[in-house]
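Everything below concerns the one structure shown next.
Protein chains get the first letters and strands the later ones, always in sequence-line order, with residue 1 at the start of each.
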Number of protein chains: 4
Amino acid sequence: MSMTGVLRPGHVQIRVLDMDESVKFYTDVMGLKPMGKDAQGRAYFKTRAERDHNSIILRQADRAGMDFFGYKVLDAATLDALEKKLQARGVKTERIAAGELLETGERVRFMIPTGHAIELYADKTAVGSGVGCTNPDMDVLDAPGICPIRLDHALIYGTDLEGSRDLFTDVLGFTLVERALLEDGKTDLGVWLTCSAKAHDIAIVRHGEPGKLHHVSFQLGTWEQVLRAADIMSKNRVSIDMGPTRHGITNGTTIYFFDPSGNRLETFAGGYDHYPDMQPITWTWDEIGAGIFYHDRKLNDAFLSVVT
Amino acid sequence: MSMTGVLRPGHVQIRVLDMDESVKFYTDVMGLKPMGKDAQGRAYFKTRAERDHNSIILRQADRAGMDFFGYKVLDAATLDALEKKLQARGVKTERIAAGELLETGERVRFMIPTGHAIELYADKTAVGSGVGCTNPDMDVLDAPGICPIRLDHALIYGTDLEGSRDLFTDVLGFTLVERALLEDGKTDLGVWLTCSAKAHDIAIVRHGEPGKLHHVSFQLGTWEQVLRAADIMSKNRVSIDMGPTRHGITNGTTIYFFDPSGNRLETFAGGYDHYPDMQPITWTWDEIGAGIFYHDRKLNDAFLSVVT
Amino acid sequence: MSMTGVLRPGHVQIRVLDMDESVKFYTDVMGLKPMGKDAQGRAYFKTRAERDHNSIILRQADRAGMDFFGYKVLDAATLDALEKKLQARGVKTERIAAGELLETGERVRFMIPTGHAIELYADKTAVGSGVGCTNPDMDVLDAPGICPIRLDHALIYGTDLEGSRDLFTDVLGFTLVERALLEDGKTDLGVWLTCSAKAHDIAIVRHGEPGKLHHVSFQLGTWEQVLRAADIMSKNRVSIDMGPTRHGITNGTTIYFFDPSGNRLETFAGGYDHYPDMQPITWTWDEIGAGIFYHDRKLNDAFLSVVT
Amino acid sequence: MSMTGVLRPGHVQIRVLDMDESVKFYTDVMGLKPMGKDAQGRAYFKTRAERDHNSIILRQADRAGMDFFGYKVLDAATLDALEKKLQARGVKTERIAAGELLETGERVRFMIPTGHAIELYADKTAVGSGVGCTNPDMDVLDAPGICPIRLDHALIYGTDLEGSRDLFTDVLGFTLVERALLEDGKTDLGVWLTCSAKAHDIAIVRHGEPGKLHHVSFQLGTWEQVLRAADIMSKNRVSIDMGPTRHGITNGTTIYFFDPSGNRLETFAGGYDHYPDMQPITWTWDEIGAGIFYHDRKLNDAFLSVVT
């Protein structure tokens with residue numbers, strides 16, 4: 001099979017400070033579909049178009065941030081094989097029992113050198129997208145929330161960028177799509193990696209503290225839906241960090257904004273296809289501003305400093 | 001690597017009746033970049049955004065149609081491995097020398113049961129997209145032609161649909177994304193297959209005659225660019241078969257139109273991502289109209305009859 | 001005042017065959033806001049963005065069509081003055097009492113030479129657009145229906161085109177924006193007229209029978225909303241006559257479709273501004289196809305024959 | 001005639017510091033059509049779609065800013081009548097000879113209380129939009145520049161806001177569309193006025209110094225063209241002040257940016273229709289941020305301070 005191994009971002013567990021307020025936000029403003037709560041009190045959501053049972057899991061905690069980010073792999077055999085590859089690399093893995101997350105099979109969890117917990121899993125109950133698999137009608141925008149297409153990727157901040165980058169590329173089969181360099185012209189400030197042919201399935205930026213979340217990103221269909229998302233944010237008094245604008249990196253159009261706990265989220269549209277035979281794009285230190293925010297050609301203060 | 005094996009549609013050789021008129025059409029109306037001619041008189045083109053040297057090759061002939069459709073594979077080892085798999089399946093393969101197509105490595109060519117020549121190759125000179133790989137600026141729409149992003153897929157018509165379908169899925173690693181059924185509710189009228197995570201890299205429709213081309217398709221960025229493409233077609237008196245409209249199948253927005261030789265082309269935008277863990281979509285006979293043309297919910301006469 | 005006299009299309013009374021089915025259609029599919037029923041059983045609607053109490057009035061009858069089309073004028077003095085001008089022209093006018101239509105002031109009704117009842121009125125209760133007049137938030141698309149911006153214009157079919165055309169331009173202050181000519185190169189097949197600076201506030205096509213309605217038109221904000229409208233129509237099995245496509249005339253993008261009674265409606269977006277100092281656009285007989293449907297450059301059968 | 005009196009913004013004379021650099025900018029980046037120079041060395045431009053000979057006039061000077069802003073009126077009789085009304089109001093008017101601006105008839109010039117020179121004129125040679133007035137094809141985006149539709153409006157800053165506001169409304173027939181109030185809840189900080197049915201033909205903000213220009217604005221067709229404009233600006237290293245974003249006031253989507261002399265320009269799309277029977281929208285002091293920049297809901301520093 002051409003598309004094999006790690007398929008795509010499948011779920012993320014986000015820490016929120018106030019569960020009720022957060023459920024309201026992710027339901028009403030984000031337009032996600034609530035998929036129930038578990039015995040621990042965690043709240044589950046999926047987008048309308050996603051077919052698996054859940055992609056966003058909220059856990060109440062006393063500080064914001066990301067507990068873990070999970071990728072769906074092709075099948076159980078792939079899960080076993082990737083676990084062995086991780087262990088062969090010296091990465092300690094942990095098996096988490098099926099059902100620990102609602103409607104989700106056994107997960108392999110491990111820490112990556114930037115200090116983030118990453119998970120792989122092969123099974124999550126397919127509940128469908130709402131239009132079904134037989135003669136489906138179009139899923140028309142018909143609700144007050146943003147209603148993104150899918151959980152798309154995360155940008156994580158941490159210390160040992162090289163370690164995480166190499167683990168994703170050497171062990172998990174990701175490809176380097178773009179990189180931003182530090183002033184020395186050699187060291188990576190950030191890398192954008194894909195496990196498929198889309199512009200990024202994970203991005204990593206070098207940071208003084210490990211295990212930080214810059215943003216969790218949701219895909220929208222069009223630039224017009226990016227505008228609608230910004231209108232919805234303003235109408236709901238959501239704090240916008242940046243945008244609507246365009247990234248030079250990936251070419252995607254974007255808004256950065258914050259959930260009620262201060263976790264940065266992104267809604268974006270567009271971005272080019274990348275295949276593993278293609279040369280990565282490089283952004284040099286003096287042009288990194290245009291790489292991040294193409295129109296302004298400079299970073300805003302928050303980009304490098306505000307993380308959860 | 002997650003994205004491996006057959007990567008993507010890479011080139012197609014199209015037969016045209018009048019080379020000069022065709023070069024003018026593909027250059028001025030389609031907005032493709034001319035990449036030279038070879039000793040046989042074939043004319044080469046690429047889109048602005050494509051990085052490899054060529055994707056569209058025109059050959060003058062006395063009847064229109066498609067000579068062959070080629071896929072780029074990950075590397076030379078993959079090419080060898082896939083050739084062996086084809087041969088093991090009983091498919092006769094032919095090696096075509098590097099350079100027979102300009103700036104293109106050795107190709108493995110074979111006939112599929114619907115009567116079409118398919119090629120695999122691992123090498124084509126990377127000439128870049130025009131914005132380069134270092135601090136690239138956006139490639140802004142600034143020319144009179146349609147300027148698609150890429151050669152995206154083809155829809156081929158032929159007799160032994162099952163044979164070609166199974167060869168693509170069993171041997172070449174493609175995944176079934178959608179299918180349209182005949183009245184019996186079992187037999188495939190058409191199948192849409194991907195070798196990546198996009199909605200289709202090849203589509204096959206059952207037809208009384210082998211080796212026919214329904215259309216070669218080019219991707220556009222947005223529905224607004226679909227409108228611009230239709231305006232350009234009208235302004236240039238290009239014959240439009242259908243559209244702008246939307247396909248139920250893949251959800252893409254589309255225009256079908258004809259090149260000066262009568263080859264049907266498509267410019268489309270949108271379409272959802274498909275991963276191999278997902279259940280294929282099925283269209284039943286009574287709803288096939290909505291599958292092909294979602295707004296009208298019925299086929300036009302030309303869809304099932306006009307091919308080259 | 002620069003914008004004076006006849007301001008804009010304000011209301012239209014449409015005959016429907018089944019009131020319940022029609023109320024459901026105009027509410028759920030069109031996304032209009034129900035504004036109540038009157039003692040005669042007529043149902044009233046407005047768009048979300050319209051500020052006056054009603055714009056669409058449905059009356060149950062045994063044949064479809066349009067009872068009358070009404071324009072709002074600047075004020076009561078304007079109403080009086082225009083009535084006098086009409087009478088001076090020899091047009092018989094009728095005063096209809098305030099309140100005969102809900103929340104609507106006194107109306108001046110008269111027949112125009114193509115056999116249609118046109119009304120003028122100065123007062124209709126301003127109920128507001130829903131976002132208010134103080135610090136209004138954006139009105140985000142958040143409901144299942146099409147949700148047009150406004151009642152925009154009508155295209156009427158009738159016998160004495162010249163008579164109606166001249167009455168609109170000479171008496172009511174409309175300006176000729178575009179015209180389509182018959183084969184003789186002199187006689188108008190159709191005219192597009194504005195009382196403001198938009199591309200049309202009324203259009204008239206020559207027809208063998210008087211008093212016919214070709215379509216009532218609603219404005220959408222964007223081409224993407226035209227696509228969404230077409231998706232909603234298909235999802236609701238609404239019969240689409242034509243589109244999405246573009247008119248050469250006015251440059252608007254469009255869908256023609258039918259309400260459950262067979263009245264043709266239009267949702268459109270775009271179109272250029274026209275001021276009275278500008279030369280009208282002329283479409284000759286051989287290019288009228290491109291004028292009506294720019295992409296196909298030919299009329300469909302229904303355009304000249306199907307009216308209510 | 002319904003649309004009468006002052007028709008629309010027709011021309012603006014902008015002071016630039018370096019003529020060659022400015023001609024290059026307005027031609028290549030803005031995508032305006034150069035229409036020649038006059039004996040004084042002034043450079044003339046129009047948009048592709050504008051039908052009159054010129055709308056933008058550049059004059060080399062040692063400080064940036066606006067020399068005058070001109071409105072086209074319906075005809076010579078209107079020009080005379082409006083001049084008389086101005087004089088009756090005590091406004092001193094000046095007649096400038098036909099031909100002083102290329103292809104432009106006699107102009108009536110006067111100073112308004114905010115310290116700006118405004119002009120009225122009835123004649124400017126109609127050179128057409130490039131697609132002609134018979135069977136016009138669509139004007140497809142086919143050039144590197146931004147290519148706006150038209151000169152749309154200006155926002156001027158000055159001292160006696162009430163004086164200019166009342167002159168526009170009482171004498172020139174403009175209508176108040178929106179207003180932003182100072183902290184006292186009574187005094188206007190800014191007013192948006194129309195002479196047609198579009199959201200604004202002039203806007204005035206109260207300022208400590210008279211005769212200042214905040215921005216000259218150009219209309220684009222769509223939000224996607226706003227994005228393309230921003231991409232073109234970045235690619236050409238144009239300094240962007242703000243955007244792409246949305247105004248609460250008028251609902252338009254917008255980019256503010258600077259020409260090489262530091263004059264602020266705007267490219268915008270959208271905005272609602274306003275008719276003189278409608279209640280103006282009011283923005284209170286605490287929500288003025290959302291009025292100006294709807295997504296961020298706060299002013300940037302430059303909005304109130306940087307003018308030319």
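Of the listed residues (D:Ile149, D:Thr284, D:Asp139), the one with the most heavy-atom contacts under 4.5 Å to chain C is D:Thr284. Of the listed residues (C:Ser196, C:Cys133, C:Ala122), the greatest number of heavy-atom pairs within a distance under 4.5 Å of chain D belongs to C:Cys133. Between chain C and the options D:Thr282, D:Asn135, D:Ile281, the largest number of non-hydrogen pairs under 4.5 Å is found for D:Asn135. Contacts with chain D were tallied for C:Ala290, C:Gly248, C:Pro136; C:Pro136 has the most, counting heavy-atom pairs under 4.5 Å. Interface check for chain C: of the options D:Glu287, D:Met138, D:Met278, D:Glu178, the most heavy-atom pairs under 4.5 Å are formed by D:Met138.
The closest side-chain heavy-atom distance from C:Val226 to C:Phe268 is not below 4.5 Å.
Residue C:Arg179: no heavy atom, backbone or side chain, is found under 4.5 Å from chain D. The contact between C:Asp137 and chain D is made by backbone and side chain atoms together, counting heavy-atom distances below 4.5 Å. If you measure heavy-atom distances from D:Thr222 to chain C, you find no contacts under 4.5 Å at all. Looking at D:Arg150, the atoms closer than 4.5 Å to chain C (heavy atoms on both sides) all sit in the side chain, from C-beta outward. Within the 4.5 angstrom heavy-atom criterion, only side-chain atoms of D:Asp52, from C-beta onward, approach chain C. Neither the backbone nor the side chain of D:Asp170 comes within less than 4.5 Å of any heavy atom in chain C.
No donor-acceptor contact under 3.5 angstrom links the side chains of D:His53 and D:Thr125, judged on distance only.
Distance alone, capped at 3.5 Å, places no donor-acceptor pair between the C:Arg107 side chain and the C:Gly70 backbone.
The line from NZ of D:Lys198 to NE2 of D:His274 is 13.0 Å long, rounded to the nearest 0.5 Å. Note that CG of C:Leu7 and OG1 of C:Thr78 are 7.5 Å apart. Values are rounded to the nearest 0.5 Å.
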Worked verdict on D:Glu119 versus D:His11 for side-chain hydrogen bond (donor to acceptor under 3.5 Å, both in side chains): CA-CA 9 Å; D:Glu119 299 187 345; D:His11 62 231; 2.8 Å; yes

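Results of the side-chain hydrogen bond (donor to acceptor under 3.5 Å, both in side chains) test with D:Ser55 over D:Lys46, D:Arg8, D:Glu50 single out D:Glu50 as the only residue that passes. When D:Ile202, D:Val6, D:Thr175, D:Val73 are each tested for a side chain to side chain contact (heavy atoms under 4.5 Å, CB included) with D:Cys195, only one passes: D:Val6.
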